[in-house]
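Here the structure comes first, spelled out in C-alpha cells, and everything after it is commentary.
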Amino acid sequence: PAASENQNFCFKDELDAFKLCLSPNKEVILEHYLAGWSGLVKFLNRLGNVFGFISKDASSKIQILRNFLNGESGSEYFTVQSMVKYELENKLVDLKKAGSHPESGCRTLLRLHRALRWLELFLERLRTSQEDGKTSAMCAESYNESLAQFHPWVVRKAAGLAFCMLPGRLAFFEVMNVGTPDQVVAMLGEALPVVTEVYQITQELYAKHDLLDIP
Ligand code: 1PZ
C-alpha cells in the first residue's frame, strides 16, 4: 500500500476496538465488537483481492448485525448477552434447522465468534514466530485447528489456496502498520489477552444457552 494510504490505518487501532467492547460487568457491547470486525475486514482488504470472498462474507455478517442494532428493536442488541436473551425469549432463532429465522443475530454472531478463535490462534503464532516464520503456514494451522471444522470441503479448499497468497512475515507486519517487528510483537502481546477474554465470555454464554451448533 502507498505510504499516504498507510497513515489512516494501524492494526493496533482495530484490535483496540475489542478492548472497548467489554462493559464494566463484562458483557460484550455489540457496536464495538462489530467495529473490531470492520477493522479486521479493512486489514484483509489491504492484503489483496484474493481474500475478497472472505471479507465479503464477514462484511455481510457485520451488516446483518448492524441492521439489528439500528432497527426497531435496536436497544435489545446493545450487548451480545441482551441479544441472546431477547432472541431466545421471542423465539427468533432457528435452533435445530434453518426455518423462518435463517439470519438471526445469534447464528450470525456465532460465525464471527468462531472466526475470532482463528484470529486468536493466528495472532499468537504470529507473535511468537521467528524471523523466517511463514504466515501462510501459521494461518493454515490456526484455521485447521478452529474454523475448518465448520466449513465444507470447497470452502476449506478455497481458503487453503488464498492462504498461499499471504505475504511473508515482514511484509505482513508492514501492512499492519504498527512499527518495527519488535513493536508489532509487543502490541500483539498486549492486545491478545483482550481478544481471548472476549472469545471466552461469548463462548461461555453460547454454551450456557446451547447455541454453539445453531445452523
Ligand atoms: C490473514 C488472512 C486471512 C485469513 C482468514 C481466515 C479465515 C478463513 C475463512 C474462510 C471463509 C470463507 C467464506 C465464507 C464462509 C462461510 O460459509 C462461513 C459460514 O457462514 P454461513 O455460510 O454459515 O453463513 N463464514 C464464516 O465462517 C465467517 C468467516 C469470517 C472470516 C473473517 C476473517 C477476518 C480476517 C481478519 C484478518 C486479520
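As a basis for the values below, the full set of heavy atoms in this structure was taken, side chains included, without hydrogen atoms, waters or symmetry mates. Indexing begins at 1, ligand by ligand and atom by atom, following the structure's order. This is a predicted model, so every value here is computed, not measured.
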Looking at Q149, I want to see if its CD is surrounded by more than 12 non-hydrogen atoms of other residues, nucleotides or ligands under 6.0 Å. yes
Give the atom numbers and elements of ligand 1 that come within less than 4.0 Å of a heavy atom of [X].
X    : answer
V155 : 12 (C)
L166 : 1 (C), 2 (C)
R107 : 21 (P), 23 (O), 24 (O)
L147 : 7 (C), 9 (C), 27 (O)
K61  : 20 (O), 21 (P), 24 (O)

Side-chain H-bond candidate by donor/acceptor type, [X] with [Y], under 3.5 Å:
X    : Y    : result
T202 : R117 : no
T180 : D182 : no
Y77  : S82  : no

Considering only heavy atoms, which of [options] lies nearest to [atom]?
atom                    : options               : answer
atom 35 (C) of ligand 1 : W118, F122, F43, F163 : W118
atom 26 (C) of ligand 1 : D57, V154, V41        : D57
atom 31 (C) of ligand 1 : I62, I54, T108        : I54

With distance as the sole test, does S55 use its side chain to make a donor-acceptor pair with the main-chain N or O of N45 at under 3.5 Å? no
Within a distance of under 4.0 Å, is there any protein heavy atom near atom 23 (O) of ligand 1? yes
Give the residue and atom name of whichever protein heavy atom lies nearest to [atom], and the separation in Å to one decimal.
atom                    : answer
atom 30 (C) of ligand 1 : A115 CB, 3.9 Å
atom 3 (C) of ligand 1  : L44 CD1, 3.5 Å
atom 27 (O) of ligand 1 : H151 NE2, 2.7 Å

Report the residue from L212, V198, L116 that forms a side-chain contact (heavy atoms from CB on, under 4.5 Å) with Q203. L212
How many angstroms lie between atom CZ of R114 and atom NE2 of H151, to the nearest 0.5 angstrom? 8.0 Å
Any nitrogen or oxygen of R111, side chain or backbone, less than 3.5 Å from one on ligand 1? yes
Is the closest N or O pair between W37 and ligand 1 shorter than 3.5 Å? no
Under 4.0 Å between a Lys/Arg side-chain N and an Asp/Glu carboxylate O for E141 and R125? yes
Mind running salt bridge (charged side-chain N to carboxylate O under 4.0 Å, His left out) on E103 and K61 for me, showing each step along the way? CA-CA 9 Å; E103 294 196 328; K61 289 179 166 56; over 6 Å; no
